[in-house]
Number of protein chains: 2
Amino acid sequence: MALISKSSEYGLRAALYIAARPDEAHVSVREMSAQMDISFHFLTKILQRMTRAGLLASTRGAKGGLALAKPAAKITLLDIVRSVEGDDLFRECILGLAGCGEKRPCPLHRYWGKERARLEKLFRKMTLARLARETARDGLRLAD
Amino acid sequence: MALISKSSEYGLRAALYIAARPDEAHVSVREMSAQMDISFHFLTKILQRMTRAGLLASTRGAKGGLALAKPAAKITLLDIVRSVEGDDLFRECILGLAGCGEKRPCPLHRYWGKERARLEKLFRKMTLARLARETARDGLRLAD
DNA sequence: CCTATTTAAGACATTGATGTCCTAATTATA
DNA sequence: TATAATTAGGACATCAATGTCTTAAATAGG
């Protein structure tokens, strides 16, 4: 099991790819899918969700593609992952119990609640700007 | 997306159910599946994996059922989850990149690596004994 | 020894996530 | 205006996780 879905992984990698781009031009899905070895059509649909969520701006037609819809410093990992797989991430009981909360906690609630909050904070504080800067500076990779 | 699979959730809940039992008798899958509203046959297969992994001891036939194979203080959450869903938990790259590591890190490696280690430690340190004690003391619940 | 009970194990079905394909709409450029 | 490039969107296929069912093996107790 992974913390986030494959769709989210792809969405994050694509967002980083766009943000780490030197120029500001639109990037095509075709290029990203080829460079990162991700299914073109599948990636397309993931990026559509991010576009509908207001994170990306798309232009159709020749020379079209995707760009960030706002400054990279204003886009967080949490924004991206939640735009792709819904708002429940970092809000669920680790044992899957529906009514788990302060009132009716499961045996792991006190422990998992802390870790979950840490993770949520990390994702909420981490911006695309910061990661793109480090990616460019240290030559980090977005594909195998 | 959840941190652990539904199978692991069920396995953890069942382990806690057994450990929190006042007496030391074997507990039947039928009882657990009814009490926690989990599919009987599905739960059976999960508990078989935990039995094969040496965490539970099963006895067939009338009055049979499952019991812990060793003291609850010697069984950790990590033992349980890994017995159910394999040893990769808390070892994977959050972007799903195969070769991600210190040598060829992904943009999130430095951040996720820390959190992943924290989570792994929590699961490695947390024993069934401790959770069962708290569950009994505070009346915590294992079902909705 | 017989019967009811219970786990073991494998076949099969269902479901949700992932992946593929085709057509429509839009846009730059010749 | 015509063409090629590109995203939008829906239909469909595949796969892994989840869930169901059936039979076999083992065991306690009458």
Side-chain angles (χ1 to χ4, degrees), chain A residues 1-14 18 25-69 81 83-86 88-89 92 95-96, chain B residues 1-14 18 25-69 81 83-86 88-89 92 95-96:
Chain A
M1 203 73 173
L3 181 67
I4 60 177
S5 67
K6 223 161 199 183
S7 295
S8 290
E9 291 175 8
Y10 294 165
L12 283 178
R13 288 166 65 193
I18 297 170
H26 283 214
V27 184
S28 77
V29 183
R30 190 65 71 181
E31 174 187 337
M32 289 191 276
S33 73
Q35 289 296 314
M36 301 192 294
D37 195 33
I38 298 172
S39 151
F40 168 76
H41 293 286
F42 192 39
L43 183 56
T44 293
K45 284 196 287 196
I46 293 162
L47 298 179
Q48 281 170 16
R49 283 186 249 172
M50 292 166 62
T51 300
R52 285 190 219 106
L55 300 178
L56 299 180
S58 71
T59 44
R60 300 214 264 204
K63 304 276 176 182
L66 301 177
L68 300 185
V81 177
S83 77
V84 172
E85 62 184 284
D88 286 346
L89 189 70
E92 295 156 318
L95 292 183
Chain B
M1 202 73 172
L3 180 68
I4 60 177
S5 66
K6 222 162 199 183
S7 295
S8 290
E9 291 174 9
Y10 294 166
L12 283 178
R13 289 166 64 193
I18 296 171
H26 284 214
V27 183
S28 76
V29 183
R30 190 64 73 181
E31 173 187 336
M32 289 191 276
S33 73
Q35 288 296 313
M36 302 192 293
D37 195 32
I38 298 171
S39 152
F40 168 75
H41 293 286
F42 192 39
L43 183 56
T44 294
K45 284 196 288 195
I46 293 162
L47 297 179
Q48 280 171 16
R49 283 186 249 171
M50 293 167 63
T51 300
R52 284 190 220 108
L55 300 177
L56 299 180
S58 71
T59 44
R60 301 215 265 205
K63 304 277 176 183
L66 283 298
L68 300 185
V81 177
S83 76
V84 173
E85 61 185 284
D88 286 345
L89 189 69
E92 295 156 320
L95 292 183

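Keep in mind that this is a model prediction, so the values were computed, not measured. Convention: sequence-line order gives letters A, B, ...; per-chain numbering from 1.
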What's the shortest heavy-atom distance between [X] and [Y], and which atoms?
{"X": "A:Gly54", "Y": "A:Ala69", "result": "O-CB, 3.4 Å"}
{"X": "A:Leu12", "Y": "A:Ile4", "result": "CD1-CD1, 3.8 Å"}
{"X": "A:Leu66", "Y": "A:Leu56", "result": "CD1-CD1, 4.1 Å"}

### Query
Is the closest side-chain heavy-atom distance between B:Ile18 and B:Leu68 below 4.5 Å?
yes

Could you list the donor-acceptor pairs under 3.5 angstrom formed between side-chain atoms of residues 27-37 of chain A and any protein atom two or more places apart in sequence or on another chain?
unit_1	atom_1	unit_2	atom_2	d
A:Ser28	OG	A:Glu31	N	3.1
A:Glu31	OE1	A:Arg21	NH2	2.9
A:Glu31	OE2	A:Tyr17	OH	2.5
A:Glu31	OE2	A:Arg21	NH2	2.5
A:Ser33	OG	A:Val29	O	3.3
A:Ser33	OG	A:Arg30	O	3.0

I need the [atom1]-[atom2] distance between [X] and [N], as an integer number of Å.
{"X": "B:Arg30", "N": "C:dA8", "atom1": "CZ", "atom2": "P", "value": "14 Å"}
{"X": "B:Arg49", "N": "C:dA8", "atom1": "CZ", "atom2": "C1'", "value": "14 Å"}
{"X": "B:Met1", "N": "C:dG16", "atom1": "CE", "atom2": "P", "value": "15 Å"}
{"X": "B:Ile46", "N": "C:dA8", "atom1": "CD1", "atom2": "C1'", "value": "15 Å"}

### Query
Which side-chain hydrogen bond (donor to acceptor under 3.5 Å, both in side chains) pairs, counting each pair once, include a residue from residues 51-68 of chain A, with sequence neighbours left out?
A:His26-A:Thr59

### Task
Using the side-chain hydrogen bond (donor to acceptor under 3.5 Å, both in side chains) rule, collect all pairs that involve residues 2-14 of chain A, keeping only residues at least two apart or in two chains.
A:Ser5-A:Ser8, A:Ser5-A:Glu85, A:Ser8-A:Glu85

### Query
Bend across the helix from C:dC1-D:dG30 to C:dA30-D:dT1, to 10°, with axes taken over 5 pairs at each end?
0°

Short of 4.0 Å, heavy atom to strand atom, which residues of [range] count as contacting DNA chain D?
{"range": "residues 3-14 of chain A", "value": "none"}
{"range": "residues 38-45 of chain B", "value": "B:Ser39, B:His41, B:Phe42, B:Lys45"}
{"range": "residues 51-60 of chain A", "value": "A:Arg52, A:Ser58, A:Thr59, A:Arg60"}

### Message
Could you tell me the boundaries of the chain B footprint on DNA chain D, defined by atoms under 4.0 Å from its heavy atoms?
### Response
D:dT18 to D:dA28

Could you list the donor-acceptor pairs under 3.5 angstrom formed between side-chain atoms of residues 40-50 of chain A and any protein atom two or more places apart in sequence or on another chain?
unit_1	atom_1	unit_2	atom_2	d
A:Thr44	OG1	A:Phe40	O	2.8
A:Arg49	NH1	A:Val84	O	2.6

